[in-house]
Amino acid sequence: MAHLTGVEPRPRIRHNDYSPLTPPPLGGWSPTLGASVVIPAHGGQHRLDLTLAALAAQTYPARLTEVIVVDDRSDPPLRLPDLRPENTRIVPVPDGGWGAGHAMNTGIAAAEGEIVQRLDADMVISREHLEALFRWHHLTDYLVTIGGKRFAEEPALTPGQVNDAVRHGSPEDLFDPSALVSSSTEETIRRLDGLRASKNPYQVCTGPTVSLRRTLLDEVRGFDPEVVRGQDTEFAYRLAQAGAVFVPDPEARAVHLGLPAQRGEHGRAIVRLVEAHLAHRVPLRRDLRKEPGRRWRVPYVEVVFDVTGADEPRIAAAVDAVLRGTLTDVAVTLTGPWTLLDGDRRWAPGTEAFDLALVRAAFGHDARVRFAESAAPTAAPVPFRYTAPIDAPPSAALLERAVKAMLEERLGLLVLEAPGGRTATLERTEAVARARLLAAPGEAIADVVAQTHGVRHATPNQFDKVSTTGREPAAQSTQSAQSTQSAQPVRTTQTGSGTPGGGGAADGNAKARPEEQAPRARRGLFRRS
């Protein structure tokens with residue numbers, strides 16, 4: 001993502017504690033950003049009419065808002081009701097897919113706003129709903145804002161009744177208070193101080209009402225159209241790996257028409273389909289990867305070796321060391337001059353090309369081994385990356401124990417310093433992605449990670465053996481950059497007319513694990529390119 005222009009630098013938010021940001025009071029500021037509300041819909045014309053009626057009564061300026069209803073092959077096709085926002089249109093989904101993710105990508109492609117709001121087609125939102133969420137995006141551009149919701153069986157309502165109730169600030173009066181069902185995510189949000197204390201904030205970002213800036217959306221390339229259930233959680237996971245901060249706003253109230261699908265007749269089947277998708281795409285859900293013999297679409301750790309100038313025996317030994325380690329959920333990326341093997345070139349024995357050809361012949365059919373000219377800027381969507389010299393591969397248990405230590409300490413970077421000046425690093429992807437976003441030109445990425453997530457220095461042998469107490473060894477700090485003293489948060493405020501990991505479904509779940517990652521070996525490699 002490009003740096004903001006014409007405004008103050010982005011605030012350096014630590015983990016998910018967005019406290020340095022102060023949103024303007026509702027009704028007490030002047031919005032400037034255009035917004036696109038994208039509504040994926042399949043049938044349900046009457047509920048869509050009620051959703052549009054509520055959108056027609058919003059306090060966020062209509063001149064800055066467009067509404068795009070994406071018709072996912074409804075029969076009969078959806079139509080626009082008379083009572084709707086003035087800038088509303090219907091866009092049909094193209095061939096080649098179905099489901100909310102495919103529909104959202106269609107709407108995003110048609111959207112013109114700087115802010116994109118994903119909204120379900122069966123939501124009655126309060127009049128300040130959009131304003132409450134969008135005010136945060138006027139402060140900085142790497143936030144994901146989440147609206148609240150309660151569930152209710154749909155009463156007999158007309159669009160006019162909904163519009164009138166929303167305009168007068170009382171949409172909840174349309175529903176029997178005793179019949180309103182709270183969302184389980186709202187309790188998680190309250191318990192974790194509005195997600196400020198959350199290790200896995202992406203897990204509550206389940207979709208019915210979520211907004212973000214276009215730059216962040218483009219960074220993750222939209223929704224995965226292959227995920228037809230659980231697509232919002234998978235999308236939010238990738239946003240987390242891109243360095244996003246998740247901000248729920250309790251003033252963005254809403255009522256979801258109908259009870260959660262998981263409570264229906266086919267609830268368990270739906271949950272199983274969601275888990276099948278998330279198991280392959282969200283490595284932090286360790287509870288979904290209990291079968292060690294399987295290979296997963298997105299690995300848990302990427303190991304990077306630069307093989308430039310190395311001979312085949314050394315390369316093979318390093319790869320084999322990783323693949324036979326105690327952590328099997330890994331991928332190995334070998335970076336080097338693989339273009340030497342392009343075309344019809346002959347590889348003479350004793351040349352670098354010949355050794356590379358031997359390596360590719362040995363590992364080319366193993367899906368866990370990848371070949372690249374250079375490593376990508378981050379490992380996303382893989383949550384961790386381990387980078388080491390080719391002649392210093394990790395010991396059998398190092399990766400598993402080092403990742404565990406990073407999760408427990410919520411580190412962004414673990415630097416392992418061995419005798420002889422050899423250095424390896426274990427990165428947390430979300431930390432490096434955020435640091436790359438926030439770093440000033442020429443600023444060391446590791447210095448930014450120290451402010452946002454924390455950096456720890458240790459030696460590899462601290463993770464090689466189990467201690468005499470039977471507990472896993474923790475990294476002993478030779479240099480700790482976890483102190484928030486070095487992080488001076490920027491407090492951004494708007495007033496008046498001015499413009500300014502992973503486990504189960506919630507933090508604290510016994511199965512839950514956070515998400516983490518980090519940069520490269522020597523200090524020169526931590527420089528922003």
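These numbers come from a predicted model, not from an experiment. We use all heavy atoms of the structure for the numbers below, so side chains are in, but hydrogens, waters and symmetry mates are not. FYI, the numbering just counts along the sequence from 1.
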Heavy-atom side-chain contact between [X] and [Y] under 4.5 Å:
| X | Y | answer |
| --- | --- | --- |
| Trp338 | Val359 | yes |
| Tyr202 | Leu239 | no |
| Leu413 | Ile445 | no |
| Trp296 | Thr328 | no |
| Tyr237 | Leu278 | no |
| Thr335 | Thr333 | yes |
| Leu50 | Glu154 | yes |
| His453 | Arg434 | yes |

Subject >> Derivation and outcome, side chain to side chain contact (heavy atoms under 4.5 Å, CB included), residues Val228 and Leu273 >> reply: CA-CA 9 Å; Val228 294; Leu273 181 57; 4.2 Å; yes

Subject >> Arg286 to Tyr300 six-membered ring, cation-pi geometry met (6.0 Å, 45°) >> reply: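 Ring-cation test returns yes.
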
Quick one: does any side-chain atom of [X] pair with a main-chain N or O of [Y] as donor and acceptor, under 3.5 Å?
| X | Y | value |
| --- | --- | --- |
| Asp72 | Ala41 | no |
| Asp71 | Leu78 | yes |
| Thr88 | Pro85 | yes |
| Ser36 | Gly113 | yes |
| Asp176 | Ser178 | yes |
| Arg47 | Gly44 | no |
| Arg214 | Ala111 | yes |
| Ser126 | Arg253 | yes |
| Glu291 | Gly293 | yes |
| Thr51 | Met123 | yes |

N-O pairing of [X] and [Y] below 4.0 Å:
| X | Y | answer |
| --- | --- | --- |
| Glu234 | Arg238 | yes |
| Arg368 | Glu302 | no |
| Arg79 | Asp49 | yes |
| Arg135 | Asp249 | yes |

Only pairs under 3.5 Å count here: list side-chain donor-acceptor contacts from residues 89-96, not counting sequence neighbours, and write none if there are none.
from	atom 1	to	atom 2	distance (Å)
Arg89	NH1	Glu66	OE1	2.9
Arg89	NH2	Ala110	O	2.8
Asp95	OD1	Arg73	NH2	3.3

**OP:** Would you mind telling me which of Thr65, Val38, Leu133 makes a side chain to side chain contact (heavy atoms under 4.5 Å, CB included) with Gln117?
**Re:**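 Exactly one pass, corresponding to Leu133.
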
Rounded distance (nearest 0.5 Å) linking atom [atom1] of [X] with atom [atom2] of [Y]:
| X | Y | atom1 | atom2 | value |
| --- | --- | --- | --- | --- |
| Asp17 | Leu195 | CG | CG | 11.0 Å |
| Arg213 | Thr140 | CZ | OG1 | 7.5 Å |
| Leu398 | Leu426 | CG | CG | 8.5 Å |
| Tyr386 | Leu416 | OH | CG | 5.0 Å |
| Gln203 | Thr185 | CD | OG1 | 11.5 Å |
| Leu139 | Arg10 | CG | CZ | 13.5 Å |

Nearest heavy atoms of [X] and [Y], plus distance in Å:
| X | Y | value |
| --- | --- | --- |
| Asp306 | Ile390 | O-CB, 3.8 Å |
| Ile68 | Gly107 | CD1-O, 3.8 Å |
| Leu259 | Val181 | CD2-CG2, 4.0 Å |
| Phe305 | Pro394 | CZ-CD, 4.1 Å |
| Gln231 | Gly101 | CG-N, 4.0 Å |
| Ala446 | Val455 | O-CG2, 3.7 Å |

Original post:
Is there any side-chain hydrogen bond (donor to acceptor under 3.5 Å, both in side chains) pair reaching into residues 100-113, and which pairs are they, with sequence neighbours excluded?
Top reply: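 Pairs touching residues 100-113 that pass the test: none.
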
Subject >> Residues that Phe363 engages under ring-ring contact (aromatic ring centres under 6.0 Å, His included), provided they are two or more places apart >> reply: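 Expected list: none.
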
**OP:** Under the ring-ring contact (aromatic ring centres under 6.0 Å, His included) rule, collect the residues that match up with Phe246, sequence neighbours excluded.
**Re:**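 Residues passing ring-ring contact (aromatic ring centres under 6.0 Å, His included) with Phe246: none at all.
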
Original post:
How would you list all residue pairs meeting salt bridge (Lys or Arg N to Asp or Glu O under 4.0 Å) that involve residues 179-189, not counting sequence neighbours?
Top reply: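 Pairs touching residues 179-189 that pass the test: Glu187-Arg190.
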
Subject >> Residues that Val210 engages under side chain to side chain contact (heavy atoms under 4.5 Å, CB included), provided they are two or more places apart >> reply: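 Scan of Val210 (side chain to side chain contact (heavy atoms under 4.5 Å, CB included), adjacent residues dropped) gives Val144, Cys205.
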
Subject >> Pair His137-Thr145, side chain to side chain contact (heavy atoms under 4.5 Å, CB included): steps then yes or no >> reply: CA-CA 8 Å; His137 300 305; Thr145 56; 3.1 Å; yes

**OP:** Please test Tyr142 against Val245 for side chain to side chain contact (heavy atoms under 4.5 Å, CB included), starting from the C-alpha separation and ending with a verdict.
**Re:** CA-CA 6 Å; Tyr142 68 107; Val245 171; 3.6 Å; yes

Original post:
With distance as the sole criterion, is a donor-acceptor pair present between the side chains of Asp218 and Thr215 under 3.5 Å?
Top reply: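 On atom types as modelled, these side chains do not qualify, holding no pair under 3.5 Å.
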
Original post:
Do His129 and Thr209 meet the criterion of a side-chain donor-acceptor pair at a distance under 3.5 Å?
Top reply: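 Yes, side-chain donor-acceptor contact under 3.5 Å.
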
Subject >> More than 12 heavy atoms of other groups within 6.0 Å of Arg295 CZ >> reply: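 Count over threshold, so yes.
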
Subject >> Arg289 atom CZ: more than 12 heavy-atom contacts under 6.0 Å >> reply: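 Enclosed.
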
**OP:** Could you walk me through whether Glu226 and Arg297 pass salt bridge (Lys or Arg N to Asp or Glu O under 4.0 Å), step by step?
**Re:** CA-CA 13 Å; Glu226 295 182 9; Arg297 177 167 178 156; 3.0 Å; yes

**OP:** Go through the steps to decide whether Leu21 and Leu143 satisfy the test side chain to side chain contact (heavy atoms under 4.5 Å, CB included), and finish with yes or no.
**Re:** CA-CA 11 Å; Leu21 298 177; Leu143 308 180; 3.6 Å; yes

Original post:
Using the ring of each side chain (for Trp, its six-membered ring), is Phe151 parallel, tilted or perpendicular to His256, with breaks at 30° and 60°?
Top reply: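 Taking His256 first and then Phe151, their aromatic rings sit tilted (interplane angle of 30° to 60°).
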
**OP:** Report the residue from Arg281, Arg229, Lys290, Arg268 that forms a salt bridge (charged side-chain N to carboxylate O under 4.0 Å, His left out) with Glu275.
**Re:**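 It is Arg268, the one option of Arg281, Arg229, Lys290, Arg268 that forms the salt bridge (charged side-chain N to carboxylate O under 4.0 Å, His left out) with Glu275.
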
